[in-house]
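Here's the structure we're looking at; comments come further down.
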Amino acid sequence: MSRRSGTIGRVFADRIWQVYDSDMADHRAVILNGGTSESASQADSVCETTAGLLERLGWGSSIFRMRDLDIAPCKGCFHCWIRTPGECIVDDPAREIAREFIRSDLAVFITPIVFGGYSHELKKGIDRLIPVLLPYFTFVGNEVHHVRRYRGYPNLLGIGILPARDPEEEAIFSQLLLRNSINMYALGVEACIIYAGEGEISAKIEGKLAEVIGG
Amino acid sequence: MNRDALVLIGSPKGIEKSASARVSLVLTEPLETAGWSVKRLWLYDADEDELLTSILSADLIILSSPLYFDSLPAPVIRRMEVVVEKRRRTPVEEKAPRFVSILNCGFVEPKHNETAQRICRRFASRARFEWYGSISLGCAGAMRRRIRRGLIIAGEALSKGFPVPPKVKRLTKKPLIPRLAYIVGGNVTWRRIAKKNGLSKGDLLAQPYKPRP
Ligand SMILES: Cc1cc2nc3c(=O)[nH]c(=O)nc-3n(C[C@H](O)[C@H](O)[C@H](O)COP(=O)(O)O)c2cc1C
């Protein structure tokens with residue numbers, strides 16, 4: 001695995017998003033940091049830990065700190081299917097996220113768990129991923145889904161932050177990731193729950209990373 | 001009996017053209033007939049204060065939203081976060097507003113909405129609303145007799161102060177048309193729309209982003 005001089009420091013010095021040493025790496029991840037203004041510091045530290053672990057594995061990462069990005073909500077117009085196939089008509093950072101998503105082997109969704117699901121900051125980027133699929137319908141297993149536009153899609157790792165144990169919200173979060181993985185053609189999917197004030201998060205995330213990237 | 005219903009529309013397509021709006025109109029008809037006043041707010045542009053005061057004065061809140069990636073659209077989640085934050089800081093009232101969620105999705109099977117319904121239920125509990133049931137629809141909220149009947153039965157029950165009856169689930173849970181027919185019909189429709197836009201079959205399959213090696 002090749003890797004140049006990327007450092008976490010550089011990544012986080014940049015306010016918005018940063019790709020580091022990507023093009024040289026054999027594997028790439030796209031990290032969406034969906035921390036809201038209230039959950040910022042925890043989400044940022046999870047993000048930093050995850051990026052550090054990936055860097056140690058020799059992966060290139062693109063990190064998007066969603067709360068700093070001006071991303072319009074999906075309008076539900078489907079122009080990305082029937083007017084400008086494969087790309088949203090709105091030109092904002094969501095396009096870059098979709099582009100990185102398709103280039104990546106792993107997508108990491110970092111979020112405070114909100115009613116079991118994603119924060120609005122994370123979701124505003126996910127909603128705009130619809131152009132990476134085709135409008136056509138097909139069977140996936142025993143269900144109807146959209147046909148894939150690309151041959152490969154990244155595996156999914158969802159890292160959800162909770163103030164304390166909450167079996168119902170944790171179950172919803174896992175179910176959401178599983179359902180997303182079917183819609184997004186992810187071959188591997190994992191959910192990782194981090195509790196507020198939890199000390200050693202690195203080992204936990206590392207374990208989940210290993211499971212989802214098969215390493 | 002209390003008679004103020006608040007309908008929150010969670011579709012970017014708005015309060016008139018969206019499937020979410022159309023579906024909610026069928027449900028609220030029996031309420032209006034029974035003398036309820038029904039107020040509609042579009043979650044995408046609702047003023048925060050108006051949203052919060054409307055919620056506090058409602059006896060029944062109906063969220064009607066599309067399914068976006070197995071969950072709710074981002075702006076809907078944002079409004080939910082705001083509502084819960086606000087409710088945390090307001091005193092507990094004697095009678096909590098009742099809450100019903102209607103979700104519609106693009107695929108033929110209504111069960112795709114299940115995860116999002118769990119999220120709605122969690123939201124309701126966090127917001128101290130009384131859970132009064134959910135309705136999940138497939139086929140982009142297409143209206144057939146059986147679906148219309150389900151919505152009317154639900155509306156009638158709600159107008160009398162009862163939650164969505166189990167019968168509604170029985171009427172709405174099965175796909176409206178055979179799944180293969182939906183796939184074939186849907187695909188023909190997409191191709192027709194693309195052609196009208198001057199795009200060939202091949203154009204529709206464009207891959208503007210460089211895939212991973
Ligand atoms: C960004 C986006 C994501 C969507 N995700 C799903 C999905 O996960 N499952 C599904 O069945 N339909 C999905 N749909 C389809 C919508 O739920 C469907 O078109 C719905 O009927 C729209 O309702 P509305 O007219 O009220 O906006 C998605 C649509 C968009 C634009």
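Lettering follows sequence order; numbering is per chain, from 1.
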Contacting moiety of Y182(B), where chain A heavy atoms sit under 4.5 Å: both
Heavy-atom contact with chain B under 4.5 Å, split by part of E143(A): both
Within 6.0 Å of CZ in R121(B), more than 12 heavy atoms from elsewhere: no
Expected output: side-chain D203(B) to main-chain S200(B) donor-acceptor under 3.5 Å: yes
Side-chain heavy atoms of L137(B) within contact of L103(B), under 4.5 Å: no
Y44(B) versus R79(B), side-chain donor and acceptor atoms under 3.5 Å: no
Engaged part of E109(B) at the chain A interface, taking heavy atoms whose separation is under 4.5 Å: side chain
T90(B) vs R128(B), side chain to side chain contact (heavy atoms under 4.5 Å, CB included): CA-CA, chis, key distance, verdict: CA-CA 11 Å; T90(B) 49; R128(B) 283 189 270 114; 3.9 Å; yes
Per-residue contact mode, L180(B) against chain A (heavy atom under 4.5 angstrom): both
Best-contacting candidate, I130(A), V132(A), I182(A), against chain B by heavy atom pairs under 4.5 angstrom: I130(A)
Approximate separation, where rounding is to 0.5 Å, of S20(B) OG and K13(B) NZ: 7.5 Å
Aromatic centroids of F139(A) and H145(A) separated by under 6.0 Å: no
Region of L176(A) in contact with chain B, defined by heavy-atom distances below 4.5 Å: both
Option in V76(B), I119(B), V84(B) with maximal non-hydrogen atom pairs under 4.5 Å from chain A: I119(B)
Residue selection (most heavy-atom pairs with chain B, distance under 4.5 Å) from K124(A), E169(A), K75(A), M184(A): E169(A)
Proximal component of F173(A), with respect to chain B [non-hydrogen, under 4.5 Å]: neither
Side-chain donor or acceptor of E198(A) paired with backbone N/O of Y195(A) under 3.5 Å: yes
Residue part contacting chain A, namely of L205(B), when any heavy atom lies under 4.5 Å: both
Side chain, backbone, both or neither of V184(B) within contact of chain A (heavy atoms, under 4.5 Å): neither
Chain B contact via N183(A) - which portion, at a heavy-atom distance below 4.5 Å: side chain
Donor-acceptor contact present, side-chain R87(B) to main-chain A127(B), <3.5 Å: yes
Those residues of residues 138-149 of chain B, ordered by number, that approach chain A below 4.5 Å (heavy atom to heavy atom): none
Least distance between heavy atoms, D70(A) atom then P93(A) atom: O-CD, 3.4 Å
Most chain B-contacting option - heavy-atom pairs closer than 4.5 Å, from R95(A), E38(A), R151(A): R95(A)
Per-residue contact mode, N142(A) against chain B (heavy atom under 4.5 angstrom): both
Contact winner vs chain A - S71(B), G198(B), S18(B), A116(B), heavy-atom pairs under 4.5 Å: S71(B)
Contact leader toward chain B among V144(A), I102(A), I126(A), V147(A), where contacts are heavy-atom pairs under 4.5 Å: V144(A)
Minimum side-chain heavy-atom gap V108(A)-V30(A) below 4.5 Å: no
Audit row: E130(B), K95(B), salt bridge (Lys or Arg N to Asp or Glu O under 4.0 Å) steps and yes/no: CA-CA 9 Å; E130(B) 192 178 350; K95(B) 236 178 128 300; 5.7 Å; no
Engaged part of K111(B) at the chain A interface, taking heavy atoms whose separation is under 4.5 Å: side chain
Heavy-atom pairs under 4.5 Å with chain B, option from P131(A), C74(A), G125(A), G116(A) with the top count: C74(A)
Polar side-chain atom of N197(B) near backbone of I82(A) as donor-acceptor pair, under 3.5 Å: yes
Proximal component of P75(B), with respect to chain A [non-hydrogen, under 4.5 Å]: side chain
Residue pair R118(B) / Q175(A), side-chain donor-acceptor N/O under 3.5 Å: yes
Polar side-chain atom of S119(A) near backbone of L122(A) as donor-acceptor pair, under 3.5 Å: yes
